[in-house]
**Student:** 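I have a structure I would like to understand better, so I am pasting it below and will then ask my questions one at a time.
Labels below follow one simple rule: chain letters A, B, ... track the order of the sequence lines, proteins then strands, and each chain is numbered from 1. Quick caveat: nothing in here was measured; it's all calculated off a predicted structure.
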Amino acid sequence: MRHWLMKSEPDEFSIDDLQRVGTEPWTGVRNYQARNFMRDGMKPGDRILFYHSNTKVPGVAGIAEVASKPYPDPTQFDPGSDYHDPRASREAPRWMLVDVGFVEKLPEVVSLEAIKAIADELDDFALVRRGNRLSVMPVTAGQYTRILKLARRS
DNA sequence: GCCAACGTTGGC
DNA sequence: GCCAACGTTGGC
């Protein structure tokens with residue numbers, strides 16, 4: 001099983017929203033690297049650190065899982081969608097996504113600050129690399145475990 | 001709200 | 001194919 005981190009702005013879609021709906025198609029990713037991780041790397045059952053970005057206390061707010069195989073993001077075909085991509089067609093879709101399923105809401109957010117504080121244990125964690133803006137990124141099993149350990153102590 | 005970082009676009 | 005301009009991300 002692989003592990004991932006996926007960012008979401010909680011004002012748009014939070015861990016509570018995911019808990020409410022159960023499963024959510026991860027529409028709207030329009031970055032090739034992030035797409036490639038979903039398209040080429042993700043398998044159903046993979047675990048995901050659900051990260052709240054662009055908010056007061058950014059950090060890992062919960063655990064999710066990959067809940068489908070990759071498939072074309074339907075919003076790319078929808079002229080009425082903000083994510084419409086006129087260069088994409090059904091025959092040649094450009095953007096792929098997976099469904100994300102709720103697993104667990106952490107009792108408290110593991111803040112970016114707390115993650116940075118143990119960065120030396122996380123050897124080269126993509127999230128804390130300067131200037132990183134990727135919304136989907138791989139996480140090693142060790143990184144995944146260490147970050148969750150921060151949520152489970154206390 | 002600011003702005004650094006950085007991916008994408010498009011003129012040449 | 002270079003690279004300046006532009007748009008977006010996301011921490012602060």
**Student:** Any salt bridge linking A:R35 with A:D73? Criterion: basic side-chain nitrogen under 4.0 Å from a carboxylate oxygen.
**Tutor:**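 Salt bridge: no.
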
**Student:** Does anything in residues 47-56 of chain A reach DNA chain C, meaning a heavy atom under 4.0 Å, and if so which residues?
**Tutor:** A:Y51, A:S53, A:N54

**Student:** Which part of the nucleic acid, if any, lies within contact of A:R87, taking any heavy atom under 4.0 Å across all strands shown: a base, the sugar-phosphate backbone alone, or nothing?
**Tutor:** sugar-phosphate

**Student:** When you measure from the side chain of A:Q143 to the backbone of A:L122, do you find a donor-acceptor pair of N or O atoms at a distance under 3.5 Å?
**Tutor:**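 The answer is yes, because a donor-acceptor pair under 3.5 Å joins these two groups.
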
**Student:** In whole angstrom, give the distance that lies between atom CG of A:D11 and atom C1' of C:dG11.
**Tutor:**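 Atom CG in A:D11 sits about 15 Å away from atom C1' in C:dG11.
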
**Student:** Below 30° counts as parallel, above 60° as perpendicular, anything between as tilted: where do the rings of A:F13 and A:F50 land?
**Tutor:** tilted

**Student:** State yes or no: do A:L134 and A:Y144 share one hydrophobic cluster built from I, L, V, M, F, W and Y residues joined by side-chain heavy-atom distances below 4.5 Å, directly or via other members?
**Tutor:**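 Yes: a chain of side-chain contacts under 4.5 Å links A:L134 to A:Y144.
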
**Student:** Between P on C:dG10 and CG on A:L112, what's the gap in Å once rounded to a whole number?
**Tutor:** 11 Å

**Student:** Can any side-chain N or O of A:D17 pair as donor or acceptor with the backbone N or O of A:S14 at less than 3.5 Å?
**Tutor:** yes

**Student:** Check whether any side-chain N or O of A:R30 sits under 3.5 Å from a backbone N or O of A:Y83 as a donor-acceptor pair, and report yes or no.
**Tutor:** yes

**Student:** Just how far, in rounded Å, is C1' of C:dG10 from CG of A:N31?
**Tutor:**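 Roughly 14 Å, once rounded to whole Å.
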
**Student:** Using a cut-off of less than 4.0 Å, is there contact between a side-chain N or O of A:K7 and OP1 or OP2 of C:dT9?
**Tutor:**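 Answer no for this pair, as no side-chain N or O of A:K7 is under 4.0 Å from OP1 or OP2.
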
**Student:** Distance check needed: C:dG11 C1' versus A:E113 CD, whole Å only.
**Tutor:**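 It is 12 Å, rounded to the nearest whole Å.
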
**Student:** For A:Q76 and A:R94, indicate whether the former's side chain and the latter's backbone hold a donor-acceptor pair under 3.5 Å.
**Tutor:** yes

**Student:** Output yes when a side-chain donor or acceptor of A:D99 lies under 3.5 Å from a complementary backbone atom of A:A67, and no otherwise.
**Tutor:**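 No, because the side chain of A:D99 does not come within donor-acceptor range (under 3.5 Å) of the backbone of A:A67.
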
**Student:** Between the protein and nucleotides 1-8 of chain C, list the N/O to N/O atom pairs that are separated by less than 3.5 angstrom.
**Tutor:**
| unit_1 | atom_1 | unit_2 | atom_2 | d |
| --- | --- | --- | --- | --- |
| C:dT8 | O2 | A:R133 | NH1 | 2.4 |

**Student:** In whole Å, I'd like the distance from the CD atom of A:Q33 to the P atom of C:dT9.
**Tutor:** 15 Å

